[in-house]
Number of protein chains: 2
Amino acid sequence: MTQEAVEQGPQGSVSDADRVASRLRQAIVAGDFAPRQRLVETDLIEMFDASRGAVRAALATLTVEGLVEKIRNRGARVRAVDLDEALEIVEVRAALESMCAARAAERIDDDGMARLRSLGEVMREAVDTGDGEAYSQANRDLHQAVLDISGAKVAPDVVQRLRAQNVRYRIRLAMQPHRPATSLPEHLEIVEAVCAKDPERAANAMRAHLESVFEATREYFTERK
Amino acid sequence: MTQEAVEQGPQGSVSDADRVASRLRQAIVAGDFAPRQRLVETDLIEMFDASRGAVRAALATLTVEGLVEKIRNRGARVRAVDLDEALEIVEVRAALESMCAARAAERIDDDGMARLRSLGEVMREAVDTGDGEAYSQANRDLHQAVLDISGAKVAPDVVQRLRAQNVRYRIRLAMQPHRPATSLPEHLEIVEAVCAKDPERAANAMRAHLESVFEATREYFTERK
DNA sequence: GTGTGCATTATTGTAAACAATGTTGTTCAC
DNA sequence: GTGAACAACATTGTTTACAATAATGCACAC
């Protein structure tokens, strides 16, 4: 039995298709591809140095994940989620992440509390120094930490997939200069509630935060487009 | 512009891969394939009379959907969800479907009310006559109807995917002879609450029902295995 | 008799060629 | 000049063949 000693690293035993899917997913979520941008197979082959089969498999994967849409005989493009769908996503996140926050409050240990409080500190500092990028990163980390600490599997998976889908709205919303200042206390309340091991308070804090995100998204984007 | 007149029928413009994926999904959900059963590409080619590329694409799709799991160089098999995951799925469904029930109560029109009440009648009769299959079908239809009436898109999609994953538990639970009798009043309360256009009551009814499903699943399956 | 190593087989992963489809640009009739 | 038919091109869908990998069975040494 040698297979359990095999390197399970990023490219050790991962198929080309999975590798391409990961990199393409990351590129889309990072905003390297604009919504509705065409994804021509030939270009992706060159870009990722992979075979056509791998590229096609990757596109199929991301299509099911909702990041890409395909039209028969016309190819694939980055899916553009409209405002209504983005708002629905935030609503679903509210329902699921508040559930996970409650579970996290029940299960949290000292390590988890240290992790959450540390992220709270980072956020505070980021607001002080006006470092939007750092705040945004800590924001992602905090939500992820709560999901991790919940110990659940299904709900976090769903949330992660949905978060990837409306990344564009999150990014553009986070660019508003005063947004961190308003969401900071909501995030800190989440940290405190979970660390206080109060499930109901944690769920309420998470729900309140995401309702705030919902409103901010709606107001900000209904004006523009 | 002729393409908008093109037949969009089941096999008119649907790729082989999609066709295989649909049929395979249906077969798994219907229980034609046992959990952990291997899905050898050659067999599927013969079974669905499709090319290997189509079969591989279909397997990739179902893998992302969580119905199939693939191990590199060892092929695909029907994914077996364990009890813990099945319970998590019911919890997520409770969070999402209660949300949709509330929304359905806000939006329901006369057609929707007729549809729900008709399904309630079917369920009542099925319990009277002891027709478990009819009850099971109406059960699925009722949950689907509430999702439809909610007018939402994201949450129903997630719910449908999750429902497909733990179909095995639902089927085996539904086989319990007294189960329909206990869940009938819960279902009828959902119908009444939504038709009464009372969002909070509808959400509570749906949540109560799925918590009942949660408990029944836990008790029934922790005993056995 | 048991266990290890090797050869065989079954199965999937990858690549390349071919066919079908949609798109675009051009020409010709009016 | 405008519109329609047509031809050339670009792109995806499909099939085929080939390579790589893991599972299986057998022989041989001890």
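Below, each value reflects all heavy atoms present in this structure, side chains not excepted, and no hydrogens, waters or symmetry copies.
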Item to check | Rounded interatomic separation in angstrom, taking CG from B/Asn73 and P from D/dA22 | outcome: 5 Å
Checklist outcome for this item: Here the residues of residues 33-57 of chain B within 4.0 Å heavy-atom distance, strictly under, of DNA chain C are B/Arg38, B/Leu39, B/Val40, B/Glu41, B/Arg52, B/Arg56
Checklist entry - So does A/Arg72 get a side-chain nitrogen or oxygen closer than 4.0 Å to the phosphate oxygens (OP1/OP2) of D/dG13? => result no
Checklist entry - Can you tell me how far C1' of D/dA23 sits from CZ of B/Arg77, to the nearest Å? => result 13 Å
Checklist entry - When the distance from NZ of B/Lys70 to P of C/dT12 is rounded to whole Å, what number comes out? => result 9 Å
Checklist entry - Take atom CD in B/Glu46; do more than 12 heavy atoms of anything else shown fall under 6.0 Å from it? => result no
Checklist entry - Does B/Glu133 offer a backbone N or O that forms a donor-acceptor pair with the side chain of B/Ser136 under 3.5 Å? => result no
Checklist entry - Do B/Met99 and B/Met206 have side-chain heavy atoms sitting under 4.5 Å apart? => result no
Checklist outcome for this item: In whole angstroms, the gap separating P of D/dT12 from CZ of A/Arg74 amounts to 12 Å
Checklist entry - Is it true that a side-chain atom of A/Asn166 and a backbone atom of A/Tyr169 form a donor plus acceptor pair closer than 3.5 Å? => result no
Next on the checklist: How many whole angstroms separate atom CZ of B/Arg19 from atom P of D/dG13?
Outcome noted: 16 Å
Checklist entry - Between the side chains of B/Gln26 and B/Arg23, does any donor sit under 3.5 Å from an acceptor? => result no
Checklist entry - Does the side-chain contact (heavy atoms from CB on, under 4.5 Å) test come out yes or no for A/Asp16 and A/Phe48, once each step is laid out? => result CA-CA 10 Å; A/Asp16 270 18; A/Phe48 297 121; over 6 Å; no
